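Only this structure's heavy atoms are used, side chains among them; waters, hydrogens and symmetry mates stay out. Lettering of chains follows the sequences in order, A, B, ..., and the numbering in each one begins at 1. Just so we're clear, the structure is a prediction, and the values are computed from it rather than from any experiment.
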Protein chains: 2
Amino acid sequence: MSAKVYVSAQEVAEKAGVSRSAVSRTFTPGASVSAETRRRVLEAADALGYHVNELARGLMRNESGIVCLIVSDVATPYRAALLRELTLQLQNAGKVAMLINTDRSDGSVDRALRQAISYRADASIILSGLPDKSIAQLCLRSGQRLVLINRDDDQPGPLRINLDDYEAAGRVVTAFVRAGCRRLAFANSEAGTPSLMARERGFVAGARALGMDVTVERYGWTGYEAGKVLAQRLLTRSERPDAVFCATDLLACGFMDTARHQFSMSIPNQLCVAGFDDIEQASWSSYDLTTFAQPVSTIAAKAVEWLSEAQPEIVSNQEQSLRLRAELVWRGSIRGG
Amino acid sequence: MSAKVYVSAQEVAEKAGVSRSAVSRTFTPGASVSAETRRRVLEAADALGYHVNELARGLMRNESGIVCLIVSDVATPYRAALLRELTLQLQNAGKVAMLINTDRSDGSVDRALRQAISYRADASIILSGLPDKSIAQLCLRSGQRLVLINRDDDQPGPLRINLDDYEAAGRVVTAFVRAGCRRLAFANSEAGTPSLMARERGFVAGARALGMDVTVERYGWTGYEAGKVLAQRLLTRSERPDAVFCATDLLACGFMDTARHQFSMSIPNQLCVAGFDDIEQASWSSYDLTTFAQPVSTIAAKAVEWLSEAQPEIVSNQEQSLRLRAELVWRGSIRGG
DNA sequence: CCCGCTATTGCAAGCGTGTGCAAATGCTGC
DNA sequence: GCAGCATTTGCACACGCTTGCAATAGCGGG
């Protein structure tokens, strides 16, 4: 291990002929330094290659500038897009993102939060899974902020950002009916997360309100391969559906591909399809998928804004919940847009 | 701002009735503590919710455990996959990933490295762009390790991981010729990064070795939309190519979609296509793309392994370069696999 | 020339941890 | 019981920084 030799404020001070505090103040916005001292310090710092040690600064200030992003399956298009938006906006707010990958077990989220505590992160943003209540409470008690995106949790303290999954799913029923579809199906994964289930319930309820039934099928995890299997299952039924709402765009891509290539069905003529997330692939001309857009940019903006706000103590007792609308993006996978 | 109140080793020591060093040693692997003291410390720590302050530990040890990942366009499938692999393997090695997003400007990479220095990162892994030589040297002098993935840079010190882009591109010529293709084209972006250009040169050279010419077209940045434009340009030529090698899978997807939907061409009957990266979408049945696989898992493994190695001083003067082979994944977009 | 005020500067304490060193403790064998 | 040894423990300093406090310098007005 080669020795790390970073230059310290002390050395800069000596070179500039000032005290260590002068150096410190030069790099602290709003501190009181004369223009002349500042100039000499900056000059010396530049010559020596000095950079403030954020570890030490964080130790003193009790504020590390670190925000933990806790997420599983980063490589998934929707997750990756949200991640991009979050890191970008965090950077603009002067924070830095620490990325912690979780698997789909509950324990891994807890481990991630423990790591966030260890690095004295200012906040943690959870995109996947749910932490144990006790560890979440520990974070909050320690003064760490918590943001839950598309997760459902009832304990007070964290900011919760959610979409109107239920209502959105209801709106797609109307679109299918207007296109003349009569046999509706819902393709879901077995993951069973609250947002996926809300879409399912919303779709079923919306159909029932119009006196229609929905064939629900669930399989595997929320990915392309699962979509293929779901198509396999739904399209070999005696009563083939003529419209299917997929809980996720990835599922929809898999679904459309087998519908076309294995069952030679034409979309949207014989089968209308809708998805959810509006991942980039949904706009590719092979899919041209009508879907609900995740407002990733707004989600990130709201989260970062909330983190940057000065927060009174009282606030932690009241409801912190944001409900965003998922807008329907019309494309060619449903007749008569 | 609500006050942060983390519990310190001091408090744990008092509760457990031992000295603070005992607490410290309990959480330091390999330190000398008796079983009994350890038990009492762990018990007290658990009751109080104590977590070692990694900021302070990093300050003392001169080793933060942080590794910076410097990357632009995180949401791109290949980047996201590499990112997943890296964060995962870093975690397994006991490190933690700090994600820094850059735009496509040079300066943003420099800013990222400055941040890496400020947080006293143990290492930085650069996936996009190239840092200024002076700032890279500053990192190395400070004892920070540098890894460049698919970037070309000649200065000694960093570990460079590259693929055999040139040779791989040559191999695809053979595949095209064996499929009976005669009019070859290469679709590239204008990004001009070394790996993209190496693929282009390798393809052209390989063709020329067999006495064939290549139509080269370049446009925009390396994404789906650029692929569409490239198809537009190449397929409206008087002499339509019957085989096209796209510098990237994303380009290939865009290319295939317009070839099919706008020019009604059949793949691979009228047009053979190959790509590079083997992103997930390449295996989707709408594309079924023959392509070269980025060995993301190996890349990440090699990088992490190198970081974890104890490194003698001398090593920083010799060549640190790894050349990995890109394996051809045969699918249906070239005739006669 | 001195007073009062303000803008700047230096001192030193403290943030939470690791670790060398010496003291203390426990254990073995006689 | 005691010497000899290995293991464990506590003390105190160091890491690089911020910041309250007091001292100093600068300066205009009387």
Electrostatic pair Lys15(B)-Glu11(B), nearest N-O below 4.0 angstrom | no
Closer than 4.0 angstrom, basic N to acidic O: yes or no for Asp73(B) and Arg104(B)?
yes
Between the protein and nucleotides 11-13 of chain C, list the N/O to N/O atom pairs that are separated by less than 3.5 angstrom.
residue, atom, partner, partner atom, Å
dC11(C), N4, Ser21(A), OG, 3.2

Main-chain N/O of Glu63(A) paired to Asp122(A) side chain as donor or acceptor, under 3.5 Å | no
First and last nt of DNA chain D near chain B, cut-off under 4.0 Å to heavy atoms, 5' to 3', are dT8(D) to dG16(D)
Asn62(B) atom CG is separated from dT17(C) atom C1', nearest whole Å, by 13 Å
Among the nucleotides dG18(C), dT17(C), dG10(C), whichever has the atom closest to the side chain of Ser24(B) is dG18(C)
*Does a salt bridge link Glu43(A) with Arg40(A), judged by any charged N lying under 4.0 Å from a carboxylate O?*
no
* Give one of base, sugar-phosphate or nothing for Val33(A), where a contact means two heavy atoms less than 4.0 Å apart. => sugar-phosphate
Whichever of Asn53(A) and Ser34(B) has the more 5' nearest nucleotide on DNA chain D, that residue is Ser34(B)
- Hey, does Ser8(A) reach any base, or is it just sugar-phosphate, or nothing, if we go heavy atoms under 4.0 Å? sugar-phosphate
Using a cut-off of less than 4.0 Å, is there contact between a side-chain N or O of Tyr6(B) and OP1 or OP2 of dT17(C)? no
Are any side-chain N or O atoms of Arg145(B) and backbone N or O atoms of Leu307(B), one a donor and one an acceptor, separated by less than 3.5 Å?
yes
When rounded to whole Å, the CD to C1' distance for the pair Glu36(B) and dT25(C) reads 15 Å
Separation of dT17(C) atom P from Tyr119(A) atom OH, nearest Å, is 14 Å
Determine the contact category for Phe27(B): base if any of its heavy atoms lies under 4.0 Å from a base atom, sugar-phosphate if only primed atoms, P, OP1 or OP2 are that close, otherwise nothing. nothing
Residue pair Ala35(B)/Arg61(A) against DNA chain D: nearer the 5' end by closest nucleotide is Ala35(B)
Glu54(B) atom CD is separated from dT17(C) atom C1', nearest whole Å, by 10 Å
* Taking atom types as modelled, find out whether Ser195(A) and Asn150(A) have a side-chain donor-acceptor pair closer than 3.5 angstrom. => no
### Message
Is it the case that the side chains of Ser21(B) and Ser24(B) hold a donor-acceptor pair, with the cut-off being a distance below 3.5 Å and no angle test?
### Response
no
- prompt: Under 4.0 Å between a side-chain N or O of Thr37(A) and OP1 or OP2 of dT9(C)?
  reply: yes
Run the numbers on Tyr50(B) and Phe27(B) for ring pair (Phe, Tyr, Trp, His ring centres under 6.0 Å), then give the verdict. CA-CA 11 Å; Tyr50(B) 170 76; Phe27(B) 290 99; 5.3 Å; yes
Gln10(B) CD to dG18(C) P, in whole Å, measures 14 Å
Separation of dG16(C) atom C1' from Tyr50(B) atom OH, nearest Å, is 8 Å
Next item on the list: Taking only Lys NZ, Arg NE, NH1 and NH2, and the carboxylate oxygens of Asp or Glu, determine whether Arg57(B) and Glu54(B) approach each other closer than 4.0 Å.
Entry: yes
